[in-house]
Amino acid sequence: MRRKLVVGNWKMHGSHKANAELLAGITGARPFGCDVAVCVPFPYLSETAVTLASTDLRWGAQDCSAHEQGAYTGEVSVPMLAEFGCRYVIVGHSERRAYHGESDQLVADKAKAALARGVTPIVCVGETLAEREAGQTEAVVKRQLSAVIHTLAHCASEMVVAYEPVWAIGTGKVATPEQAQAVHAVLRAQLRAATPQADQMTLLYGGSVKPDNAATLFAQADIDGGLIGGAALKASDFVAICRAAE
Ligand code: 13P
């Protein structure tokens, strides 16, 4: 059986004070019967690393450059993230695809850069409402994942995949467990065709996961945990979601 993983994506939220309270609330609730991580804004990586260093909680970033170093003003490289002890980096979040024009291939290149330095990419895929209504959900997520599978080649099994329907992010409109499982099954099948390790891979669901819907989502056969936005900013909610994954 796959061990569940719950990852908090803080997005562009936080302050020294708020982070300290949030992390204290999460660390104080240990131990967890699942793997738990927080992906924080870059400026807070240092303090997060210090706070979580003596715990089994993991941390990561929300994006990275596809380049190792160079004249890329404003970007942050994977070697830098690795220096801060990042275990994970989210790549291809729909907010980056939509607001920063990130292509499937750029997302794949970022995932490759992460793995090259031993940082696990959490690769996000997901359809918009218009795509779902046009019956394109399967085609869209397969296209997004396909670019990453081809670029990572024999390392594909080392990524984490997160299915996040764009229409469910921050809207309170969660995918039903059946809708989410159906897409996860499609992704698992695609991964099976690419790697013999597909059944050991972690597939997360994200999009309006809350304490009251987490358990039924996590009970689905191919849902191995969650990528949590809004509810990851409140310790009691995040901890409750982690408990639902135990
Ligand atoms: P919400 O949980 O706020 O819907 O955000 C989900 C998400 O985008 C996590 O990456």
Side-chain angles (χ1 to χ4, degrees), residues 1-7 9 34-35 37 39 58 60-68 78 81-82 86-94 96-97 102-128 131-132 135-166 168 175 177-207 217-218 220-227:
M1 190 162 153
R2 293 178 293 267
R3 187 173 164 86
K4 295 253 190 299
L5 169 65
V6 177
V7 181
N9 172 11
C34 62
D35 293 329
C39 287
R58 304 162 176 187
Q62 301 169 14
D63 185 35
C64 65
S65 172
H67 303 284
E68 284 256 308
V78 177
L81 300 182
C86 285
R87 169 87 175 239
Y88 299 105
V89 60
I90 298 170
V91 296
H93 193 282
S94 61
R96 300 233 32 114
R97 292 181 192 260
E102 294 198 3
S103 66
D104 294 339
Q105 189 55 52
L106 178 62
V107 172
D109 290 342
K110 289 182 174 191
K112 188 174 181 181
L115 278 183
R117 292 295 184 140
V119 177
T120 301
I122 299 175
V123 178
C124 299
V125 300
E127 82 288 3
T128 63
E131 289 164 340
R132 172 161 284 265
Q136 295 168 347
T137 299
E138 203 171 303
V140 168
V141 298
K142 279 172 131 176
R143 187 202 73 221
Q144 292 171 332
L145 187 59
S146 167
V148 187
I149 287 173
H150 282 110
T151 299
L152 297 187
H154 66 279
C155 299
S157 63
E158 292 168 39
M159 70 175 145
V160 168
V161 178
Y163 169 55
E164 297 206 315
V166 179
E178 295 73 25
Q179 282 174 320
Q181 166 57 27
V183 177
H184 277 242
V186 166
L187 296 173
R188 183 88 63 192
Q190 188 179 3
L191 291 165
R192 273 194 198 114
T195 166
Q197 281 92 40
D199 286 315
Q200 284 84 58
M201 290 178 67
T202 301
L203 271 56
L204 307 180
Y205 169 79
L217 285 162
F218 297 165
Q220 303 303 305
D222 289 294
I223 300 183
D224 307 314
L227 183 54

Minimum heavy-atom separation for [X] and [Y], please, with both atom names.
{"X": "Thr128", "Y": "Val166", "answer": "CA-CB, 3.9 Å"}
{"X": "Leu203", "Y": "Asp222", "answer": "CB-O, 3.6 Å"}
{"X": "Gln190", "Y": "Ile149", "answer": "CG-CD1, 4.0 Å"}
{"X": "Tyr88", "Y": "Cys39", "answer": "CB-SG, 4.4 Å"}
{"X": "Val119", "Y": "Cys86", "answer": "CG2-O, 3.8 Å"}
{"X": "Ala113", "Y": "Ser65", "answer": "CB-O, 4.0 Å"}

Examine distances only and state if a side-chain atom of [X] and a backbone atom of [Y] form a donor-acceptor pair shorter than 3.5 Å.
{"X": "Gln144", "Y": "Gly126", "value": "yes"}
{"X": "Glu102", "Y": "Arg96", "value": "no"}
{"X": "Arg2", "Y": "Asp199", "value": "yes"}
{"X": "Arg188", "Y": "Met201", "value": "yes"}
{"X": "Tyr205", "Y": "Gly207", "value": "yes"}

Can you tell me how far the [atom1] atom of [X] sits from the [atom2] atom of [Y], to the nearest 0.5 Å?
{"X": "Tyr163", "Y": "Thr137", "atom1": "OH", "atom2": "OG1", "value": "5.5 Å"}
{"X": "Cys64", "Y": "Leu81", "atom1": "SG", "atom2": "CG", "value": "6.5 Å"}
{"X": "Glu138", "Y": "Arg143", "atom1": "CD", "atom2": "CZ", "value": "13.5 Å"}
{"X": "Leu204", "Y": "His184", "atom1": "CG", "atom2": "NE2", "value": "7.5 Å"}
{"X": "Leu227", "Y": "Leu5", "atom1": "CG", "atom2": "CG", "value": "9.0 Å"}
{"X": "Glu178", "Y": "Leu217", "atom1": "CD", "atom2": "CG", "value": "9.0 Å"}

Within 6.0 angstrom of Lys112 NZ, more than 12 heavy atoms from elsewhere: no
Are [X] and [Y] packed together at the side-chain level, in the sense that at least one heavy-atom pair is separated by less than 4.5 angstrom?
{"X": "Asp35", "Y": "Arg58", "result": "yes"}
{"X": "Leu191", "Y": "Leu145", "result": "yes"}
{"X": "Glu131", "Y": "Val141", "result": "no"}

Residues Arg97, Asp104: salt bridge by 4.0 Å N-O rule: yes
Exercise: do Gln105 and Ser103 side chains pair donor with acceptor under 3.5 Å: no
Pair His93-Glu164, side-chain donor/acceptor within less than 3.5 Å: yes
